[in-house]
There are 2 protein chains.
Amino acid sequence: MNSSKPVKQHPRPYHHGDLRRTLIATALKMLRQDQAWDFTLRELARRAGVSHAAPYRHFADKRELLAEVAALGHAALQEKMQEATQRHPDDPKAQLSALGQAYVAFAVENPAHFRLMFGPELATDPRHPVLQKAADATHALMIEAVRRSAAAGLFGTEDSRIQALAAWSLVHGLAMLLIDNRVRPMPADVNRLTAAITKAFVQGADAATR
Amino acid sequence: MNSSKPVKQHPRPYHHGDLRRTLIATALKMLRQDQAWDFTLRELARRAGVSHAAPYRHFADKRELLAEVAALGHAALQEKMQEATQRHPDDPKAQLSALGQAYVAFAVENPAHFRLMFGPELATDPRHPVLQKAADATHALMIEAVRRSAAAGLFGTEDSRIQALAAWSLVHGLAMLLIDNRVRPMPADVNRLTAAITKAFVQGADAATR
DNA sequence: GGATGAATGTTGACAACGGTAACATGCAAC
DNA sequence: GTTGCATGTTACCGTTGTCAACATTCATCC
């Protein structure tokens with residue numbers, strides 16, 4: 001019977017209650033929809049249903065919000081990478097290849113998020129340790145995989161840090177070229193293309209050891 | 001000898017006279033100085049010594065100006081790439097390696113320009129054919145070099161388009177990771193690092209043919 | 001050689017943005 | 001219940017990209 005007192009339910013909690021999470025979730029949604037990370041903080045607030053100044057109660061500024069979102073992206077990417085390697089428990093070569101494919105696939109599926117994660121707007125300044133740590137963890141996964149391959153005899157005697165950087169560069173560059181529409185027409189079966197390239201890389205490294 | 005009539009010389013041509021070129025030149029200067037391409041159109045006008053609306057007499061909007069600047073970057077990069085290949089007239093392997101090094105060196109020396117050239121802000125929309133053509137020409141140089149190497153027996157039987165994409169991805173990714181400070185500490189001798197990686201790639205491809 | 005029109009530049013306006021400050025509201029603890 | 005703190009809102013600031021209206025110069029034709 002509709003008491004006259006405002007119920008503390010869905011309709012309009014005068015204090016949103018969970019804005020921080022909502023803002024991040026909305027930002028993720030906008031990343032997916034607009035394929036661009038340069039949305040407006042005010043637009044974000046609008047979609048979250050709050051005033052344009054509300055976000056500032058939870059984030060110092062726009063960059064801090066974006067950094068957090070980017071860090072989440074790294075977490076998701078890392079998960080995909082680990083999943084890919086675990087699919088080939090005893091085959092370092094296959095692991096490395098699968099890792100690369102997972103990397104590129106993530107970028108192609110989440111282009112805006114990927115660009116945000118690696119873009120210069122957040123990368124160059126040292127003010128966001130959250131993002132820095134997340135990015136380092138991604139890098140570490142790459143290095144680890146190459147180390148395992150090296151231990152299994154791949155890569156010959158080359159410095160494994162350099163080989164790791166080469167592997168990372170290869171997939172990172174491919175991802176960038178693909179999502180920036182630099183490779184046209186964008187191949188329908190990106191997976192096959194990526195597989196071909198990563199396998200060629202591994203094979204080359206393999207052959208070079210002999 | 002100094003007629004009283006306003007000479008059409010340096011001091012203050014009430015009509016700047018060569019604004020278009022000046023704007024582009026100033027933009028290039030700001031790219032170099034600020035290491036960022038997101039400067040303000042108004043700031044650009046200020047430095048060029050004109051009012052904030054003057055640029056609109058020469059460019060439809062900011063993106064058009066940026067597209068032109070990016071296209072110039074491609075031209076410069078292509079020059080460096082060609083120069084590098086011509087340094088090794090009869091050695092396709094060395095050519096490919098030198099090309100890659102030139103590519104990365106350009107990126108490291110002109111990070112903001114490089115990011116502008118390949119960034120999504122101008123790449124994804126089809127509205128700037130100038131830039132599109134310039135970028136395609138860069139790509140073509142890459143393909144050409146790989147084709148020559150393939151003709152010389154490198155790469156075995158692999159599809160040369162795929163190998164070209166792999167080579168491009170490698171150097172592009174390395175460039176991106178370097179200028180985004182993803183590889184830390186930024187190695188003082190980037191050239192040695194790049195040389196090691198490109199040579200490893202060529203050697204791998206070479207070994208794979210046998 | 002003066003009128004005329006196209007280029008080119010300037011001023012002033014607009015909405016939108018990121019960010020801050022002052023004020024309002026609701027929850028929680030004494 | 002009062003009181004304090006977290007959280008939300010409104011009002012404001014300076015800046016930006018862009019446009020429209022006005023001003024100035026230059027080339028051209030009678």
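A, B, ... follow the sequence lines: proteins, then strands. Residue 1 opens every chain. Owing to the predicted nature of the structure, the values given are computational and were not obtained by experimental measurement.
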Return the value, rounded to whole Å, for the distance between atom NZ of B:K62 and atom C1' of C:dC17.
13 Å

What is the distance from CZ of A:R42 to P of D:dT10, rounded to the nearest Å?
12 Å

Expressed as a whole number of angstroms, how long is the span from A:D61:CG to C:dA21:P?
14 Å

Picking from D:dT9, D:dG17, C:dT10, the nucleotide nearest the side-chain atoms of B:T40 would be D:dG17

Would you mind checking if A:K133 and A:D136 are paired as a salt bridge, meaning a charged N to carboxylate O distance below 4.0 Å?
no

From C-beta outward on A:Y56, which listed nucleotide comes closest to its side chain: D:dT9, D:dA21, C:dT20?
C:dT20

Heavy-atom closest pair (A:G100 atom, A:T194 atom, distance to 0.1 Å) is O-CG2, 4.3 Å

Value in whole Å for how far the C1' atom of D:dT9 lies from NE2 of A:H58:
13 Å

Below 4.0 Å: OP1/OP2 of C:dC17 and any side-chain N or O of A:R46
yes

Starting at atom CG of A:L41, determine the distance to atom C1' of D:dT9, rounded to an integer number of angstrom.
15 Å

Between B:D18 (CG) and C:dA7 (P), how many Å, whole number?
17 Å

CG of B:D38 versus C1' of C:dG18: gap in Å, rounded?
14 Å

Name the closest nucleotide to the B:A53 side chain, picking from D:dA20, D:dT16, C:dG18.
D:dA20

Parallel, tilted or perpendicular: which one describes the rings of B:F118 and B:W168, with boundaries at 30° and 60°?
perpendicular

Measure CZ/B:F59 against C1'/D:dG17 and give the value in whole Å, please.
16 Å

Thinking salt bridges, do A:E83 and A:K80 make one under a 4.0 Å N-O criterion?
no

B:R20/B:E68 salt bridge by N-O under 4.0 Å criterion:
yes

Under 4.0 Å between a side-chain N/O of A:S51 and OP1 or OP2 of D:dT10, yes or no?
no

Counting just side-chain N and O atoms, does A:H52 come under 4.0 Å of either OP1 or OP2 of D:dA11?
no

